[in-house]
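To keep things clear, I will list the structure first and then write my remarks on it.
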2 protein chains.
Amino acid sequence: MSKPEKVTKTTSKAKIRQENEKTILKAAESVFAEYGFRGATTSMIAERANIPKANLHYYFPTKQALYRQVVDNIFNIWLQAADSFDDCDDPIEALTRYIEKKMDISRENPMGSKVWANEIIRRAPVIQDYLETTLKDWTESRVAIIQRWIDQGKINPVDPQYLLYMIWSTTQHYADFNHQIETLNGGTPLSDAQYQIAKDNAIEIILTGIGARK
Amino acid sequence: MSKPEKVTKTTSKAKIRQENEKTILKAAESVFAEYGFRGATTSMIAERANIPKANLHYYFPTKQALYRQVVDNIFNIWLQAADSFDDCDDPIEALTRYIEKKMDISRENPMGSKVWANEIIRRAPVIQDYLETTLKDWTESRVAIIQRWIDQGKINPVDPQYLLYMIWSTTQHYADFNHQIETLNGGTPLSDAQYQIAKDNAIEIILTGIGARK
DNA sequence: CGTTAATTTGACCAAATGGTCAGGAATTAG
DNA sequence: CTAATTCCTGACCATTTGGTCAAATTAACG
């Protein structure tokens with residue numbers, strides 16, 4: 001056979017690269033989340049990935065390049081959430097799905113959310129173009145959908161823009177400020193049950209708040 | 001006369017110190033907000049304050065000391081907002097006042113909010129004791145007030161804890177993410193009128209959302 | 001096997017960083 | 001006025017930083 005017999009071989013050049021890049025990206029995400037771009041150091045990232053710094057620079061020549069890759073991954077997750085807010089006639093269904101998705105992301109990928117927050121706080125030196133194109137277009141289309149719901153009398157006449165901000169802030173808060181939440185929860189992270197309550201609460205208050213509940 | 005005649009003199013040792021410290025603290029706040037503690041440099045702060053770095057270190061011997069002072073100031077502003085949520089029988093009145101106050105702070109002191117956000121993201125190395133004492137006590141007392149409103153049938157049975165998180169996140173979002181909001185607003189900051197709408201929207205959705213509106 | 005290509009890493013470097021210090025300038029006290 | 005005190009700052013230093021490189025190791029393939 002020309003194909004290698006042991007596809008599940010522990011080591012293979014392709015696999016090595018794939019795994020190392022993944023490990024480094026994960027370490028980088030958590031360090032960038034905690035210290036921002038300037039505050040993060042490549043040695044810290046290398047240490048957290050359990051490799052020598054020189055090896056990190058073999059895979060990612062510069063700190064910039066590594067950061068860009070991390071941010072790209074995060075933006076893809078964001079896109080995934082964005083998709084869940086589809087053009088649906090029922091505001092309850094659409095918003096419930098969207099808020100739920102965003103809450104799930106905050107729980108499963110808190111580091112990514114923090115990197116994003118840091119980027120915005122720094123005035124988006126890397127993702128500014130995303131904000132002005134993809135995010136802006138997406139936002140405008142959803143504003144239109146929400147406005148349609150209002151025109152159809154399905155929800156109260158709230159300002160769609162600020163409703164979106166409220167959804168973003170509430171859901172992302174559980175990622176960005178999870179340390180504060182944990183501290184107020186007696187030093188232990190929210191349990192799955194507690195997180196479910198938080199999720200239900202957010203959905204309930206927002207849907208009731210815009211008059212979607214009949 | 002033993003007292004100096006020219007009290008309004010442009011230069012006096014006491015005045016000089018007071019003004020320089022204020023200038024440095026303001027510059028430090030904006031640099032720490034943008035880059036976090038690690039990412040900020042004393043030269044950047046000195047430059048933004050228009051003084052030589054050595055002069056900065058004359059007033060604040062270490063970066064740590066300067067940061068601590070900045071955080072202390074921010075915490076005092078937070079306390080000021082906290083006070084506006086008093087033990088009031090009317091949830092509409094109390095929550096409206098509190099949300100309004102928090103929105104005003106976000107507008108007038110966005111840098112402080114960002115420094116706070118950075119601190120929490122870094123797991124509160126400096127303010128952890130505040131979180132565990134002052135913030136925790138305050139939160140518990142407000143949870144009790146909200147619970148009382150629920151028991152009295154004045155608002156829907158929401159979970160008080162998560163309602164607070166929603167208020168914090170929504171209001172602080174306008175400070176921490178103001179760059180994103182500005183970008184989505186066509187590159188210009190929210191006008192006073194727009195900010196008023198954002199404020200009204202937040203109050204309206206939250207109060208309606210918990211069933212406080214009759 | 002042997003050759004080639006990919007991976008690993010200790011040692012190294014120039015630039016940036018937090019912080020120091022000596023000495024000069026300005027203000028105040030007597 | 002003089003002396004004491006506070007303020008100011010250019011020059012300096014040890015450490016940390018992002019990044020390089022040559023040499024060694026490992027896998028790929030005929």
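Every chain is numbered from 1, with letters handed out A, B, ... down the list of sequences. All heavy atoms count here, side chains included; hydrogens, waters and symmetry mates do not.
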Whole-Å distance separating the [atom1] atom of [X] from the [atom2] atom of [N]:
{"X": "B/E47", "N": "D/dG10", "atom1": "CD", "atom2": "P", "answer": "13 Å"}
{"X": "A/R17", "N": "C/dT8", "atom1": "CZ", "atom2": "P", "answer": "9 Å"}
{"X": "A/I51", "N": "D/dG19", "atom1": "CD1", "atom2": "P", "answer": "14 Å"}
{"X": "A/I24", "N": "C/dT9", "atom1": "CD1", "atom2": "C1'", "answer": "13 Å"}
{"X": "A/H57", "N": "D/dC21", "atom1": "NE2", "atom2": "C1'", "answer": "13 Å"}
{"X": "B/I45", "N": "C/dA16", "atom1": "CD1", "atom2": "C1'", "answer": "15 Å"}
{"X": "B/F60", "N": "D/dC7", "atom1": "CZ", "atom2": "C1'", "answer": "15 Å"}

Regarding A/A40, tell me which of base, sugar-phosphate or nothing describes its non-hydrogen contacts under 4.0 Å with the strands shown.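 Sugar-phosphate contact only.
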At 4.0 Å (heavy atoms only), tell me whether A/A46 reaches a base, stays on the sugar-phosphate, or touches nothing.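 Here A/A46 touches no strand at all.
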Does the side chain of [X] get closer than 4.0 angstrom to OP1 or OP2 of [N] through an N or O atom?
{"X": "B/Y59", "N": "D/dT6", "result": "no"}
{"X": "A/R38", "N": "C/dT17", "result": "yes"}
{"X": "A/Y58", "N": "D/dT20", "result": "no"}
{"X": "B/N20", "N": "D/dC8", "result": "yes"}

Looking at the side chain of [X], which of [options] is the nearest nucleotide?
{"X": "B/A54", "options": "C/dG18, D/dG10, D/dG18", "result": "D/dG10"}
{"X": "B/P52", "options": "D/dG10, D/dG18, C/dT20", "result": "D/dG10"}
{"X": "A/K63", "options": "D/dT20, C/dT20, D/dG18", "result": "D/dG18"}
{"X": "B/N55", "options": "C/dG18, D/dT17, D/dC8", "result": "D/dC8"}
{"X": "B/I16", "options": "C/dG10, D/dC8, C/dG18", "result": "D/dC8"}

Quick check against the 3.5 Å criterion: does B/T183 have a side-chain atom that pairs as donor or acceptor with the backbone of A/L131? no
Any donor-acceptor N/O pair, B/T171 side chain to B/W168 backbone, under 3.5 Å =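 Yes.
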Would you call B/V115 and B/Y67 a side-chain contact if the rule is heavy atoms closer than 4.5 Å? yes
Do the side chains of B/N109 and B/W116 get nearer than 4.5 Å, heavy atoms only?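 Contact flag for B/W116/B/N109 side chains = no.
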Contacts of A/M44 and A/P61 projected onto DNA chain D by closest heavy atom; the upstream (5') one is A/M44
- Query: Is there a donor and acceptor pair, one atom on the side chain of B/K53 and one on the base of C/dG18, closer than 3.5 Å?
  - Reply: yes
query = Can we say A/D104 and A/K199 salt-bridge, meaning some charged N sits less than 4.0 Å from an Asp/Glu carboxylate O?
reply = yes
